[in-house]
**Student:** 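Take this structure, written in C-alpha coordinates, and hold onto it; I'll ask about it next.
Numbered from 1 within each chain, the chains take letters A, B, ... in sequence-line order.
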Amino acid sequence: MDCYEFQDKVSAYIEKELTLSDVNRFDQHLESCRICAVAYNGVKSAVRAIRGSERVAVSSGFNDRLLGRLQREKAKPVSKISRLGRGRRIFGYEPRYAFVSLAAVALIVVLTIGILPDGGGKINPNPLPLSTQQNVNDTFQPTMRSGTPAAPTLVSDELEEDSLATPKDKTLKTPQDFSGKIQLVKNKKK
Amino acid sequence: MPDKVQYSDKELILRFQQGDELAYVELVNRYRDRLINFVFRFVGSFEEAEDIVQDTFVKLYQKKDYYRPISAFSTWIFTIASNLAKTELRKRKRRKVSYLSQIGMEEKDFDIPVEDTTDEETVGEYTESQIQDAIQSLQLHFRTALILRDIEELSYEEISKILDVPLGTIKSRINRARLQLQEKLKHVHKDRRTPI
(Lines give C-alpha, C1' and ligand atoms only; values in the text may rest on other atoms or scores of the structure.)
Protein backbone atom coordinates (compact mmCIF):
# COMPACT_ATOMS: atom_id res chain seq x y z
CA MET A 1 0.00 0.00 0.00
CA ASP A 2 1.35 3.42 -0.91
CA CYS A 3 0.68 6.73 0.87
CA TYR A 4 -2.12 7.76 -1.54
CA GLU A 5 -4.03 4.53 -1.03
CA PHE A 6 -3.41 4.75 2.69
CA GLN A 7 -4.94 8.23 2.89
CA ASP A 8 -7.88 7.15 0.73
CA LYS A 9 -8.65 4.40 3.20
CA VAL A 10 -8.18 6.23 6.51
CA SER A 11 -11.90 6.74 7.17
CA ALA A 12 -12.79 3.23 6.07
CA TYR A 13 -10.15 1.89 8.48
CA ILE A 14 -11.41 4.02 11.38
CA GLU A 15 -14.98 2.94 10.70
CA LYS A 16 -13.94 -0.69 10.33
CA GLU A 17 -15.17 -1.00 6.78
CA LEU A 18 -12.02 -2.49 5.27
CA THR A 19 -11.59 -6.12 4.32
CA LEU A 20 -9.18 -8.21 6.39
CA SER A 21 -6.48 -8.17 3.72
CA ASP A 22 -6.79 -4.37 3.39
CA VAL A 23 -6.58 -4.02 7.18
CA ASN A 24 -3.29 -5.98 7.14
CA ARG A 25 -1.85 -3.88 4.31
CA PHE A 26 -3.02 -0.71 6.09
CA ASP A 27 -1.36 -1.79 9.36
CA GLN A 28 1.89 -2.61 7.57
CA HIS A 29 2.00 0.83 5.97
CA LEU A 30 1.08 2.49 9.24
CA GLU A 31 4.11 0.91 10.92
CA SER A 32 6.51 1.74 8.13
CA CYS A 33 5.49 5.32 7.18
CA ARG A 34 5.87 8.02 9.80
CA ILE A 35 4.11 10.75 7.76
CA CYS A 36 1.03 8.58 7.26
CA ALA A 37 1.06 7.58 10.92
CA VAL A 38 0.93 11.27 11.88
CA ALA A 39 -1.94 11.89 9.43
CA TYR A 40 -3.83 8.86 10.73
CA ASN A 41 -3.51 9.99 14.35
CA GLY A 42 -4.53 13.49 13.33
CA VAL A 43 -7.69 12.25 11.59
CA LYS A 44 -8.56 10.08 14.57
CA SER A 45 -8.23 12.94 17.02
CA ALA A 46 -10.11 15.34 14.70
CA VAL A 47 -13.03 12.93 14.44
CA ARG A 48 -12.96 12.44 18.20
CA ALA A 49 -12.98 16.20 18.70
CA ILE A 50 -15.94 16.80 16.38
CA ARG A 51 -17.96 13.94 17.76
CA GLY A 52 -17.30 15.10 21.29
CA SER A 53 -17.91 18.77 20.55
CA GLU A 54 -20.56 20.72 22.36
CA ARG A 55 -24.13 20.26 21.15
CA VAL A 56 -26.27 23.35 20.95
CA ALA A 57 -30.00 23.53 21.64
CA VAL A 58 -32.65 25.93 20.41
CA SER A 59 -33.26 28.95 22.62
CA SER A 60 -36.23 29.05 24.97
CA GLY A 61 -39.48 30.14 23.36
CA PHE A 62 -38.53 28.52 20.04
CA ASN A 63 -41.86 26.71 19.70
CA ASP A 64 -43.87 29.82 20.63
CA ARG A 65 -42.04 31.88 18.01
CA LEU A 66 -42.60 29.14 15.46
CA LEU A 67 -46.32 28.92 16.19
CA GLY A 68 -46.53 32.72 15.97
CA ARG A 69 -44.88 32.60 12.56
CA LEU A 70 -47.26 29.90 11.39
CA GLN A 71 -50.23 32.04 12.46
CA ARG A 72 -48.83 34.94 10.44
CA GLU A 73 -48.19 32.68 7.44
CA LYS A 74 -51.76 31.40 7.61
CA ALA A 75 -53.10 34.96 7.67
CA LYS A 76 -51.24 35.84 4.47
CA PRO A 77 -53.40 35.89 1.31
CA VAL A 78 -52.74 32.83 -0.84
CA SER A 79 -52.54 33.16 -4.61
CA LYS A 80 -54.72 30.98 -6.82
CA ILE A 81 -51.76 28.97 -8.11
CA SER A 82 -50.43 28.40 -4.60
CA ARG A 83 -53.87 27.21 -3.52
CA LEU A 84 -53.92 24.74 -6.39
CA GLY A 85 -50.42 23.63 -5.41
CA ARG A 86 -51.41 22.21 -2.06
CA GLY A 87 -50.95 18.55 -2.76
CA ARG A 88 -52.61 18.67 -6.17
CA ARG A 89 -50.82 17.89 -9.38
CA ILE A 90 -51.65 18.43 -13.03
CA PHE A 91 -50.27 15.77 -15.42
CA GLY A 92 -47.88 14.79 -12.63
CA TYR A 93 -46.44 18.31 -12.31
CA GLU A 94 -46.82 20.96 -9.68
CA PRO A 95 -49.48 23.38 -10.93
CA ARG A 96 -47.09 26.28 -11.52
CA TYR A 97 -44.74 24.09 -13.56
CA ALA A 98 -47.71 22.61 -15.43
CA PHE A 99 -48.89 26.12 -16.37
CA VAL A 100 -45.43 27.17 -17.48
CA SER A 101 -45.02 23.98 -19.55
CA LEU A 102 -48.41 24.42 -21.20
CA ALA A 103 -47.65 28.06 -21.99
CA ALA A 104 -44.28 27.04 -23.52
CA VAL A 105 -45.91 24.33 -25.67
CA ALA A 106 -48.62 26.77 -26.83
CA LEU A 107 -45.96 29.35 -27.72
CA ILE A 108 -43.98 26.79 -29.75
CA VAL A 109 -47.12 25.72 -31.64
CA VAL A 110 -48.08 29.33 -32.42
CA LEU A 111 -44.55 30.19 -33.59
CA THR A 112 -44.34 27.03 -35.73
CA ILE A 113 -47.63 27.81 -37.46
CA GLY A 114 -46.48 31.35 -38.05
CA ILE A 115 -43.15 30.26 -39.62
CA LEU A 116 -44.45 27.52 -41.97
CA PRO A 117 -45.60 28.61 -45.46
CA ASP A 118 -49.37 28.67 -46.07
CA GLY A 119 -49.94 28.86 -42.35
CA GLY A 120 -48.40 25.46 -41.79
CA GLY A 121 -51.15 23.58 -43.58
CA LYS A 122 -48.81 21.92 -46.13
CA ILE A 123 -45.44 20.41 -45.56
CA ASN A 124 -42.78 20.96 -48.22
CA PRO A 125 -41.45 17.52 -49.18
CA ASN A 126 -38.29 18.97 -50.74
CA PRO A 127 -35.84 20.72 -48.42
CA LEU A 128 -34.34 22.83 -51.26
CA PRO A 129 -35.30 26.51 -51.44
CA LEU A 130 -38.46 27.13 -53.48
CA SER A 131 -36.69 28.96 -56.34
CA THR A 132 -34.10 26.16 -56.68
CA GLN A 133 -36.82 23.49 -56.76
CA GLN A 134 -38.51 25.19 -59.67
CA ASN A 135 -35.23 25.67 -61.46
CA VAL A 136 -34.42 21.96 -61.18
CA ASN A 137 -37.82 20.90 -62.45
CA ASP A 138 -37.87 23.42 -65.31
CA THR A 139 -34.45 22.39 -66.61
CA PHE A 140 -35.33 18.69 -66.65
CA GLN A 141 -34.98 17.84 -70.35
CA PRO A 142 -36.04 14.69 -72.28
CA THR A 143 -32.41 14.38 -73.52
CA MET A 144 -31.73 12.63 -70.23
CA ARG A 145 -33.40 9.53 -71.65
CA SER A 146 -30.54 8.92 -74.06
CA GLY A 147 -28.35 7.74 -71.21
CA THR A 148 -25.66 10.39 -71.59
CA PRO A 149 -25.72 13.30 -69.24
CA ALA A 150 -26.97 16.47 -70.85
CA ALA A 151 -24.77 19.52 -70.88
CA PRO A 152 -25.92 22.11 -68.42
CA THR A 153 -28.09 24.62 -70.20
CA LEU A 154 -29.65 27.77 -68.97
CA VAL A 155 -33.33 27.66 -69.63
CA SER A 156 -34.74 30.70 -68.02
CA ASP A 157 -33.15 34.12 -68.45
CA GLU A 158 -35.34 35.40 -65.75
CA LEU A 159 -33.88 32.95 -63.28
CA GLU A 160 -30.33 33.66 -64.43
CA GLU A 161 -30.71 37.29 -63.44
CA ASP A 162 -31.77 36.51 -59.96
CA SER A 163 -31.78 32.89 -58.95
CA LEU A 164 -33.36 33.69 -55.60
CA ALA A 165 -36.34 35.40 -57.17
CA THR A 166 -39.54 33.40 -57.53
CA PRO A 167 -40.84 33.55 -61.11
CA LYS A 168 -44.10 35.40 -61.11
CA ASP A 169 -45.66 33.77 -64.18
CA LYS A 170 -45.09 30.24 -63.00
CA THR A 171 -47.40 28.51 -60.59
CA LEU A 172 -46.02 26.36 -57.80
CA LYS A 173 -46.17 22.68 -58.48
CA THR A 174 -47.63 20.29 -56.01
CA PRO A 175 -45.79 17.05 -55.08
CA GLN A 176 -48.13 15.08 -57.38
CA ASP A 177 -46.81 16.99 -60.44
CA PHE A 178 -43.35 15.46 -60.00
CA SER A 179 -44.44 11.86 -59.66
CA GLY A 180 -43.97 11.13 -63.38
CA LYS A 181 -40.46 12.58 -63.39
CA ILE A 182 -39.46 10.68 -60.31
CA GLN A 183 -40.58 7.51 -62.07
CA LEU A 184 -38.37 8.41 -65.05
CA VAL A 185 -35.30 8.69 -62.86
CA LYS A 186 -36.03 5.34 -61.24
CA ASN A 187 -36.35 3.66 -64.67
CA LYS A 188 -33.07 5.20 -65.73
CA LYS A 189 -31.26 3.77 -62.71
CA LYS A 190 -32.53 0.30 -63.55
CA MET B 1 -52.98 12.07 20.37
CA PRO B 2 -52.93 9.71 23.33
CA ASP B 3 -50.06 10.11 25.80
CA LYS B 4 -47.19 7.67 26.33
CA VAL B 5 -47.41 6.23 22.84
CA GLN B 6 -44.14 6.40 20.99
CA TYR B 7 -44.98 7.03 17.38
CA SER B 8 -42.41 6.63 14.64
CA ASP B 9 -41.51 9.64 12.52
CA LYS B 10 -43.44 8.21 9.60
CA GLU B 11 -46.54 7.67 11.70
CA LEU B 12 -46.31 11.22 12.98
CA ILE B 13 -46.00 12.81 9.55
CA LEU B 14 -48.87 10.67 8.25
CA ARG B 15 -51.02 11.78 11.19
CA PHE B 16 -50.03 15.38 10.51
CA GLN B 17 -50.98 14.94 6.85
CA GLN B 18 -54.39 13.86 8.06
CA GLY B 19 -54.70 17.07 10.05
CA ASP B 20 -53.35 16.16 13.51
CA GLU B 21 -51.40 19.28 14.50
CA LEU B 22 -50.15 17.70 17.72
CA ALA B 23 -48.19 15.30 15.55
CA TYR B 24 -46.54 18.35 13.98
CA VAL B 25 -45.54 19.71 17.41
CA GLU B 26 -44.10 16.30 18.30
CA LEU B 27 -42.00 16.30 15.12
CA VAL B 28 -40.77 19.82 15.94
CA ASN B 29 -39.77 18.72 19.45
CA ARG B 30 -38.03 15.67 18.07
CA TYR B 31 -35.98 17.40 15.40
CA ARG B 32 -35.38 21.00 16.52
CA ASP B 33 -32.13 20.28 18.40
CA ARG B 34 -30.76 17.94 15.78
CA LEU B 35 -31.44 20.50 13.09
CA ILE B 36 -30.00 23.42 15.05
CA ASN B 37 -26.76 21.49 15.55
CA PHE B 38 -26.51 20.68 11.88
CA VAL B 39 -27.35 24.19 10.66
CA PHE B 40 -25.25 25.95 13.30
CA ARG B 41 -22.14 24.01 12.27
CA PHE B 42 -23.05 24.73 8.68
CA VAL B 43 -23.57 28.52 8.79
CA GLY B 44 -21.56 29.33 11.91
CA SER B 45 -24.05 31.75 13.46
CA PHE B 46 -26.53 30.63 16.08
CA GLU B 47 -29.13 33.33 15.30
CA GLU B 48 -29.08 32.57 11.60
CA ALA B 49 -29.18 28.87 12.33
CA GLU B 50 -32.28 29.30 14.47
CA ASP B 51 -33.99 31.31 11.74
CA ILE B 52 -33.18 28.58 9.21
CA VAL B 53 -34.54 25.88 11.52
CA GLN B 54 -37.73 27.92 11.95
CA ASP B 55 -37.98 28.24 8.16
CA THR B 56 -37.51 24.49 7.89
CA PHE B 57 -40.45 23.82 10.20
CA VAL B 58 -42.60 26.40 8.43
CA LYS B 59 -41.83 24.58 5.16
CA LEU B 60 -42.69 21.28 6.81
CA TYR B 61 -46.04 22.75 7.84
CA GLN B 62 -46.80 24.19 4.42
CA LYS B 63 -45.51 21.31 2.29
CA LYS B 64 -46.51 18.37 4.44
CA ASP B 65 -48.38 16.78 1.54
CA TYR B 66 -45.20 16.57 -0.52
CA TYR B 67 -43.72 13.98 1.82
CA ARG B 68 -44.01 10.45 0.48
CA PRO B 69 -43.37 7.55 2.89
CA ILE B 70 -40.91 5.91 0.48
CA SER B 71 -38.03 7.72 2.22
CA ALA B 72 -37.19 8.33 5.87
CA PHE B 73 -38.69 11.46 7.38
CA SER B 74 -35.27 12.43 8.76
CA THR B 75 -33.82 12.37 5.24
CA TRP B 76 -36.59 14.67 4.04
CA ILE B 77 -36.34 17.20 6.86
CA PHE B 78 -32.53 17.32 6.67
CA THR B 79 -32.77 17.88 2.91
CA ILE B 80 -35.07 20.88 3.49
CA ALA B 81 -32.76 22.31 6.17
CA SER B 82 -29.66 21.70 4.06
CA ASN B 83 -31.18 23.48 1.04
CA LEU B 84 -32.27 26.44 3.15
CA ALA B 85 -28.82 26.68 4.75
CA LYS B 86 -27.14 26.64 1.33
CA THR B 87 -29.50 29.37 0.13
CA GLU B 88 -28.60 31.44 3.19
CA LEU B 89 -24.89 31.03 2.50
CA ARG B 90 -25.39 32.09 -1.11
CA LYS B 91 -27.28 35.19 0.06
CA ARG B 92 -24.51 35.95 2.51
CA LYS B 93 -21.91 35.64 -0.25
CA ARG B 94 -23.90 38.04 -2.43
CA ARG B 95 -24.20 40.52 0.45
CA LYS B 96 -20.44 40.27 0.98
CA VAL B 97 -19.74 40.90 -2.70
CA SER B 98 -22.06 43.92 -2.80
CA TYR B 99 -20.48 45.25 0.41
CA LEU B 100 -16.99 44.89 -1.09
CA SER B 101 -18.13 46.67 -4.24
CA GLN B 102 -19.59 49.46 -2.09
CA ILE B 103 -16.27 50.07 -0.37
CA GLY B 104 -14.55 50.01 -3.74
CA MET B 105 -12.61 46.80 -3.18
CA GLU B 106 -10.00 48.81 -1.33
CA GLU B 107 -7.76 47.00 1.02
CA LYS B 108 -8.61 48.13 4.47
CA ASP B 109 -7.30 47.11 7.81
CA PHE B 110 -9.97 46.03 10.19
CA ASP B 111 -9.49 45.51 13.85
CA ILE B 112 -10.71 42.01 14.44
CA PRO B 113 -11.42 41.39 18.09
CA VAL B 114 -9.30 38.58 19.37
CA GLU B 115 -11.37 35.99 21.13
CA ASP B 116 -10.23 35.07 24.54
CA THR B 117 -10.18 31.31 24.52
CA THR B 118 -8.54 30.80 27.86
CA ASP B 119 -11.82 29.97 29.62
CA GLU B 120 -13.26 28.09 26.70
CA GLU B 121 -14.24 24.49 27.01
CA THR B 122 -11.83 22.15 25.30
CA VAL B 123 -12.65 18.95 23.48
CA GLY B 124 -9.63 16.71 23.84
CA GLU B 125 -6.80 18.79 22.44
CA TYR B 126 -8.88 21.54 20.81
CA THR B 127 -11.24 24.30 21.90
CA GLU B 128 -14.80 24.57 20.61
CA SER B 129 -14.00 27.63 18.54
CA GLN B 130 -10.97 25.96 16.97
CA ILE B 131 -13.13 23.05 15.90
CA GLN B 132 -15.86 25.37 14.63
CA ASP B 133 -13.34 27.51 12.70
CA ALA B 134 -11.79 24.43 11.14
CA ILE B 135 -15.21 23.13 10.06
CA GLN B 136 -16.17 26.53 8.68
CA SER B 137 -12.99 26.70 6.61
CA LEU B 138 -13.90 23.53 4.71
CA GLN B 139 -15.47 23.77 1.28
CA LEU B 140 -19.25 23.60 1.36
CA HIS B 141 -19.65 20.08 -0.05
CA PHE B 142 -17.02 18.69 2.35
CA ARG B 143 -18.49 20.57 5.29
CA THR B 144 -22.06 19.34 4.70
CA ALA B 145 -21.06 15.70 4.41
CA LEU B 146 -18.75 15.89 7.42
CA ILE B 147 -21.35 17.51 9.69
CA LEU B 148 -24.02 15.00 8.71
CA ARG B 149 -21.63 12.14 9.45
CA ASP B 150 -19.69 13.28 12.51
CA ILE B 151 -22.13 15.64 14.23
CA GLU B 152 -25.47 14.15 13.22
CA GLU B 153 -24.05 10.64 13.02
CA LEU B 154 -26.18 9.73 10.03
CA SER B 155 -25.34 6.69 7.92
CA TYR B 156 -23.53 7.09 4.61
CA GLU B 157 -26.70 5.94 2.83
CA GLU B 158 -28.83 8.62 4.49
CA ILE B 159 -26.27 11.32 3.67
CA SER B 160 -26.19 10.12 0.09
CA LYS B 161 -29.98 10.51 -0.12
CA ILE B 162 -30.05 13.91 1.60
CA LEU B 163 -27.38 15.39 -0.63
CA ASP B 164 -28.48 13.45 -3.70
CA VAL B 165 -24.92 12.34 -4.38
CA PRO B 166 -23.68 8.74 -5.03
CA LEU B 167 -22.61 6.73 -2.00
CA GLY B 168 -19.00 6.40 -3.17
CA THR B 169 -18.70 10.17 -3.61
CA ILE B 170 -20.06 10.72 -0.10
CA LYS B 171 -17.50 8.34 1.41
CA SER B 172 -14.72 10.02 -0.50
CA ARG B 173 -15.90 13.51 0.50
CA ILE B 174 -16.06 12.58 4.18
CA ASN B 175 -12.60 11.05 4.06
CA ARG B 176 -11.12 14.09 2.33
CA ALA B 177 -12.95 16.43 4.71
CA ARG B 178 -11.41 14.63 7.68
CA LEU B 179 -7.93 14.75 6.17
CA GLN B 180 -8.30 18.48 5.54
CA LEU B 181 -9.66 19.01 9.02
CA GLN B 182 -6.70 17.28 10.65
CA GLU B 183 -4.36 19.45 8.56
CA LYS B 184 -6.08 22.59 9.81
CA LEU B 185 -6.15 21.42 13.40
CA LYS B 186 -2.51 20.39 13.15
CA HIS B 187 -1.64 24.03 12.46
CA VAL B 188 -3.67 25.02 15.51
CA HIS B 189 -1.48 22.68 17.50
CA LYS B 190 1.71 24.15 16.07
CA ASP B 191 0.51 27.72 16.73
CA ARG B 192 -0.29 26.82 20.31
CA ARG B 193 3.12 25.29 20.87
CA THR B 194 5.00 28.24 19.39
CA PRO B 195 6.54 30.19 22.29
CA ILE B 196 5.46 33.83 22.42
**Student:** Compare every heavy atom of A/Ser11 with every heavy atom of B/Asn175, then report the nearest pair and how far apart it is.
**Tutor:** OD1-OG, 2.8 Å

**Student:** Any link between B/Leu148 and B/Leu84 through a network of hydrophobic side chains (Ile, Leu, Val, Met, Phe, Trp, Tyr) touching at under 4.5 Å?
**Tutor:** yes

**Student:** Should B/Ile147 and A/Val56 be counted in the same cluster of Ile, Leu, Val, Met, Phe, Trp and Tyr side chains packed under 4.5 Å apart?
**Tutor:** yes

**Student:** Looking at B/Asp51 and A/Arg69, what are the two nearest heavy atoms and their distance?
**Tutor:** O-NH1, 4.2 Å

**Student:** Take A/Asn63 and B/Arg32 through the side chain to side chain contact (heavy atoms under 4.5 Å, CB included) test and state the conclusion after the steps.
**Tutor:** CA-CA 9 Å; A/Asn63 282 19; B/Arg32 58 186 187 184; 3.0 Å; yes

**Student:** Chain A: which of B/Arg178, B/Gln17, B/Lys63 shares the most heavy-atom pairs with it under 4.5 Å?
**Tutor:** B/Arg178

**Student:** Please give me the minimum heavy-atom distance between A/Ile50 and B/Leu146, naming the atom from each residue.
**Tutor:** CD1-CD2, 3.7 Å

**Student:** Tell me whether the count of non-hydrogen atoms from other residues, nucleotides or ligands lying under 6.0 Å of CG in A/Leu111 goes above 12.
**Tutor:** yes

**Student:** Please test B/Arg176 against A/Gln7 for side chain to side chain contact (heavy atoms under 4.5 Å, CB included), starting from the C-alpha separation and ending with a verdict.
**Tutor:** CA-CA 9 Å; B/Arg176 288 183 63 190; A/Gln7 297 209 352; over 6 Å; no

**Student:** So how far is it from B/Asn37 CG to A/Ser53 OG, rounded to the nearest 0.5 Å?
**Tutor:** 8.0 Å

**Student:** Is the shortest side-chain heavy-atom distance between A/Val43 and B/Leu181 below 4.5 Å?
**Tutor:** no

**Student:** Would one find more than 12 heavy atoms of other residues, nucleotides or ligands at under 6.0 Å from atom CG of A/Leu107?
**Tutor:** yes

**Student:** Measuring heavy-atom distances to chain B, does A/Phe62 have an atom under 4.5 Å in its side chain, in its backbone, in both, or in neither?
**Tutor:** both

**Student:** Between B/Lys171 and A/Glu17 (salt bridge meaning N to carboxylate O under 4.0 Å), is one present in this structure?
**Tutor:** yes

**Student:** Do the side chain of B/Gln182 and the main chain of A/Ser45 share a donor and acceptor less than 3.5 angstrom apart?
**Tutor:** no

**Student:** Please look at A/Leu70 and chain B and tell me whether the side chain, the backbone, both or neither of the residue comes under 4.5 angstrom of a heavy atom of that chain.
**Tutor:** side chain

**Student:** Please say yes or no: joined through hydrophobic side-chain contacts below 4.5 Å, possibly via intermediate residues, are A/Leu66 and B/Ile80 part of one cluster?
**Tutor:** yes

**Student:** B/Asp150 side chain to A/Arg51 main-chain N or O, any donor-acceptor pair under 3.5 Å?
**Tutor:** no

**Student:** For B/Lys59, does the NZ atom sit with more than 12 other heavy atoms under 6.0 Å from it, leaving out its own atoms?
**Tutor:** no

**Student:** Counting only heavy atoms closer than 4.5 Å, note whether A/Lys44 contacts chain B via side chain, backbone, both or neither.
**Tutor:** neither

**Student:** Determine whether a donor-acceptor pair (N or O, by modelled atom type, separation under 3.5 Å) exists between the side chain of B/Asp33 and the backbone of A/Ala57.
**Tutor:** no

**Student:** So what's closer than 4.5 Å to chain A heavy atoms on B/Val58: side chain, backbone, both or neither?
**Tutor:** both

**Student:** Using non-hydrogen atoms and a 4.5 Å limit, figure out which bit of B/Tyr67 sits close to chain A: side chain, backbone, both or neither.
**Tutor:** neither

**Student:** Report, as yes or no, whether the 6.0 Å neighbourhood of atom CG on B/Asp164 holds more than 12 heavy atoms from other residues, nucleotides or ligands.
**Tutor:** no

**Student:** Check each atom of B/Gln132 against the heavy atoms of chain A and say whether the ones under 4.5 Å are side chain, backbone, both or neither.
**Tutor:** neither

**Student:** Which atom pair, heavy atoms only, marks the closest approach of A/Ser59 to B/Glu50?
**Tutor:** N-OE2, 2.6 Å

**Student:** Does any heavy atom of chain A fall under 4.5 Å from the side chain of B/Glu21, the backbone, both, or neither of them?
**Tutor:** side chain

**Student:** For residues A/Leu67 and B/Tyr61, determine if any side-chain heavy atom of one lies less than 4.5 Å from a side-chain heavy atom of the other.
**Tutor:** no

**Student:** Return the minimal non-hydrogen interatomic distance between A/Glu15 and B/Arg149, and the atom names on each side.
**Tutor:** OE1-NH2, 2.8 Å

**Student:** Would a single hydrophobic cluster contain both B/Leu14 and B/Phe57, if residues Ile, Leu, Val, Met, Phe, Trp and Tyr are joined by side-chain heavy-atom contacts under 4.5 Å?
**Tutor:** no

**Student:** Say whether B/Leu138 and A/Ile14 are linked into one hydrophobic cluster, either directly or through other cluster members, by side-chain heavy-atom distances under 4.5 angstrom.
**Tutor:** no

**Student:** Answer yes or no: is there a side-chain heavy-atom contact under 4.5 Å between B/Ile151 and A/Arg55?
**Tutor:** yes

